2 protein chains.
Amino acid sequence: MRPESPDALDETDRQILAELQADGRITNVELARRVDLSAPPCLRRVRRLEEAGIIRGYHAEVTPAALGFEITFFALVGLETQKQTVLDRFEALVCEWPEVRECHMIRGGGDFLLRLVARDTAHENELTGRLTSADTVQRVQTLQTIRTAKDEAGVPI
Amino acid sequence: MRPESPDALDETDRQILAELQADGRITNVELARRVDLSAPPCLRRVRRLEEAGIIRGYHAEVTPAALGFEITFFALVGLETQKQTVLDRFEALVCEWPEVRECHMIRGGGDFLLRLVARDTAHENELTGRLTSADTVQRVQTLQTIRTAKDEAGVPI
DNA sequence: CCCTCAATGCAATGATATTGCGCCACTGGT
DNA sequence: ACCAGTGGCGCAATATCATTGCATTGAGGG
């Protein structure tokens with residue numbers, strides 16, 4: 001029947017993903033040239049990848065400092081319990097803060113790793129204060145980034 | 001003379017950044033419509049933002065699992081010393097690993113926070129083992145992500 | 001009040017995206 | 001071995017978009 005699953009990716013698909021991950025605004029004509037296809041089938045492949053959810057979207061990478069966000073930091077947050085409703089409530093709370101850019105639940109439960117941005121140290125302090133004083137929060141360890149040697153959004157292809 | 005710095009962003013620029021951060025493949029015509037400009041000045045603003053380094057690039061967001069990377073995890077790595085050459089060497093080392101997607105130096109020195117992707121738990125174990133046995137590495141704490149409630153690449157605008 | 005400069009909009013031109021269609025290769029069944 | 005059926009490709013045509021040149025407009029300075 002089918003030698004591979006219907007959503008399997010061949011080498012050309014991987015090349016397309018690699019190119020679009022590296023430059024999301026490349027023209028379809030140029031993309032087709034790089035993966036050695038003509039434009040129409042190349043575009044059809046891109047559409048298929050988008051519709052399959054393999055490409056979730058395209059984003060401009062904006063320098064945070066240009067918008068006044070000089071500080072990026074992480075916060076390791078421990079909650080008092082591991083009860084699901086408590087975890088859910090904490091997630092819902094911080095997800096509403098625009099300064100929280102990522103919220104990952106880690107390990108067995110009760111712990112979260114957040115990535116946040118702040119305009120300055122006062123803003124940062126305010127954010128950590130808000131975290132510390134939030135309901136059910138037991139401890140907050142902030143990890144201030146001194147410098148970032150690598151920051152690639154995607155995955156290796 | 002100048003009411004604001006030459007690289008200052010007005011409200012239209014911020015709108016452009018917000019739109020391109022949300023959808024990096026939007027056409028210039030559509031972008032111009034949303035920020036209430038005609039196409040040429042809109043494109044000129046985008047080019048200016050790109051050349052000023054405010055827009056660093058555009059990237060497709062690819063689902064890691066589609067490429068076989070089922071696991072994302074973080075690693076807190078402590079080195080034995082804070083000597084600059086040791087820090088630099090560690091950074092150079094892990095930056096060469098494709099599975100390391102982010103490498104942030106944190107706090108006073110000697111500590112790094114890494115974000116990594118792995119195909120499976122065996123791959124993850126191999127990576128943490130490589131970290132643990134790397135030269136000058138004192139300790140490695142892995143933070144396995146159970147679930148991710150929020151993962152926004154950019155900054156609030 | 002005039003001048004200057006920066007930014008805009010319009011119009012024209014060259015590229016690109018998108019669709020329809022025919023062709024070829026491969027697969028499975030006869 | 002032959003014959004559909006299927007999927008993917010390239011070509012060609014058309015709609016849309018990107019990009020450039022140029023005239024106009026409005027705000028601030030002289």
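Note on naming: letters A, B, ... go to the chains in the order of the sequence lines (proteins, then strands), and numbering restarts at 1 for each one. Below, all heavy atoms of this structure are taken into account, side chains as well, without hydrogens, waters or symmetry copies. Bear in mind that the values here come from a model prediction, so they are computed numbers and not experimental data.
Between the side chains of B:E50 and B:Y58, at least one donor-acceptor pair of N or O atoms lies under 3.5 Å.
Taken from CZ in B:R115 to NE2 in A:H104, the straight-line distance is 7.5 Å, to the nearest 0.5 Å. Between the CD atom of B:Q141 and the OG1 atom of B:T128 there is a distance of 12.5 Å, given to the nearest 0.5 Å.
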Extract from the structure each pairing of a protein N or O with an N or O of nucleotides 6-10 of chain D at less than 3.5 Å, listing the distance.
unit_1: D:dC9; atom_1: OP1; unit_2: A:R45; atom_2: NE; d: 3.3
unit_1: D:dC9; atom_1: OP1; unit_2: A:R45; atom_2: NH2; d: 2.8
unit_1: D:dG10; atom_1: OP2; unit_2: A:S38; atom_2: N; d: 3.0
unit_1: D:dG10; atom_1: OP2; unit_2: A:S38; atom_2: OG; d: 2.7
unit_1: D:dG10; atom_1: O5'; unit_2: A:S38; atom_2: OG; d: 3.4
unit_1: D:dG10; atom_1: O6; unit_2: A:R44; atom_2: NH2; d: 3.3

Nucleotide N/O to protein N/O under 3.5 Å, stretch nucleotides 23-26 of chain C:
none

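Within residues 21-32 of chain B, the residues having any heavy atom under 4.0 Å from DNA chain D are, by residue number, B:T27, B:N28, B:V29.
Put simply, the side chain of B:T145 gets close to the backbone of B:T72: a donor and an acceptor are under 3.5 Å apart. B:T142 places no side-chain N or O within 3.5 Å of a backbone atom of B:Q144 that could act as its donor or acceptor partner.
Across every non-hydrogen atom of B:A8 and B:D13, the tightest pair is O-OD2, 4.1 Å. Of all heavy-atom pairs between A:A66 and B:L9, the closest is O-CD1, 3.6 Å. Considering every non-hydrogen atom in both A:Q21 and B:H59, the closest pair reads O-ND1, 2.7 Å. Residues B:D111 and B:G78 approach most closely at OD1-CA, 3.2 Å, considering heavy atoms.
For residues 51-67 of chain B, no residue pair satisfies the salt bridge (Lys or Arg N to Asp or Glu O under 4.0 Å) rule, not counting sequence neighbours.
Through side-chain heavy atoms spaced under 4.5 Å, either directly or across other Ile, Leu, Val, Met, Phe, Trp or Tyr residues, A:L79 is tied to A:I71, A:F73, A:V77, A:V86, A:L87, A:F90, A:L93, A:V94, A:W97, A:V100, A:M105, A:F112, A:L114, A:L116, A:L127, A:L131, A:V137, A:V140, B:I146.
Distance, B:L43 CG to C:dA12 P: 20 Å, rounded to whole Å.
If one axis is set at each end of the helix from C:dC1-D:dG30 to C:dT30-D:dA1 from five pairs, those axes are 30° apart, to 10°.
Residues A:H123 and A:E70 form no side-chain contact, since every pair of their non-hydrogen atoms from C-beta on lies 4.5 Å or further apart.
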